[in-house]
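Please read the structure below before turning to the comments.
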Amino acid sequence: QMGLRWRKTIGLSALTAICRDRIRAMLLELAGWITATTLVTMLVHIYALIGLWLLLGHLLGRSVRHRRIGHVELALATAGLVVVHLLEMLLWAFLIMHQTDLSRFGDALYYSMMSYTTVGYGDVVPHGDGRLIGSIEAVIGTLMTGLSTAWLLAFVSRALVSKSPA
């Protein structure tokens, strides 16, 4: 009887080690996907802001510094930022769809939008380790929103500074 108990203990510890290794591998894979998505989000955002600045400068016909920015220009800049953020939420939705139990694209996009904007209603959530994605997306969404706010302020203030008396 002692031998049977010993074999069960050895079998249980081996099974525990296998499970632990499997969980560790899954978390490392998830961390890799999250890191890659974070880097792509940052690159998309930075290049989109640069491109939007150049596009608006081209549409204005002159440098942003030498042109009065009106309602139309401000609306174009804001619309461009909204499109950039929507693209980033789509990127995270694809990660959520493929790495969590939210397999329907609509659910994944909804969860992504709630996480990115930090609204977080909680009515659609992944289970298990997939919840980590939403937490990190919330941090990235907050940082990208702050970066967009700073960009919009710089866009408007360049026109205001050039119009101030010397």
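Both backbone and side-chain heavy atoms feed into the values below; hydrogens, waters and symmetry mates do not. We count residues from 1, following the sequence as given.
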Are [Y] and [X] connected into the same hydrophobic cluster when the rule is that any two of I, L, V, M, F, W, Y join if their side-chain heavy atoms are below 4.5 Å apart?
X      : Y      : answer
Leu90  : Met114 : yes
Phe94  : Leu30  : yes
Met42  : Val139 : yes
Trp53  : Val72  : yes
Ile140 : Leu39  : no

What distance separates [X] [atom1] from [Y] [atom2], expressed to the nearest 0.5 Å?
X      : Y      : atom1 : atom2 : result
Asp107 : Asp101 : CG    : CG    : 9.5 Å
Leu56  : Leu52  : CG    : CG    : 4.5 Å
Leu132 : Leu27  : CG    : CG    : 8.0 Å
Asp21  : Met26  : CG    : CE    : 12.5 Å
Met144 : His85  : CE    : NE2   : 8.5 Å

**Message:** Are there over 12 heavy-atom neighbours, none belonging to Tyr47, within less than 6.0 Å of that residue's OH?
**Reply:** no
**Asked** Within the distance-only criterion (no hydrogens, no angle test), does the side chain of Trp151 pair as donor or acceptor with the backbone N or O of Leu49 below 3.5 angstrom?
**Response**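 Present.
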**Asked** With a 4.5 Å limit on heavy-atom distance, are the side chains of Tyr110 and Leu102 in contact?
**Response**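 No. Closest side-chain heavy atoms not under 4.5 Å.
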**Item:** Leu143 side chain near Leu147 side chain, heavy-atom distance below 4.5 Å
**Value:** no
Which heavy atom of [X] sits nearest a heavy atom of [Y], and at what distance?
X      : Y      : answer
Trp92  : Ile34  : CH2-O, 4.2 Å
Glu73  : Phe155 : O-CE2, 4.2 Å
Val84  : Ala48  : CG2-CB, 3.4 Å
Glu137 : Ser112 : OE2-OG, 2.6 Å
Ala93  : Leu109 : CB-CA, 3.6 Å

**From Leu95, Leu91, Ile136, Leu43, residue fulfilling side-chain contact (heavy atoms from CB on, under 4.5 Å) relative to Thr38** = Ile136
**Message:** The test is side-chain contact (heavy atoms from CB on, under 4.5 Å); show your working for His98 and Ser103 and say whether it passes.
**Reply:** CA-CA 7 Å; His98 292 292; Ser103 57; over 6 Å; no
**Item:** Derivation of the side chain to side chain donor-acceptor pair (under 3.5 Å) call for Thr100 and His127
**Value:** CA-CA 7 Å; Thr100 69; His127 300 299; over 6 Å; no
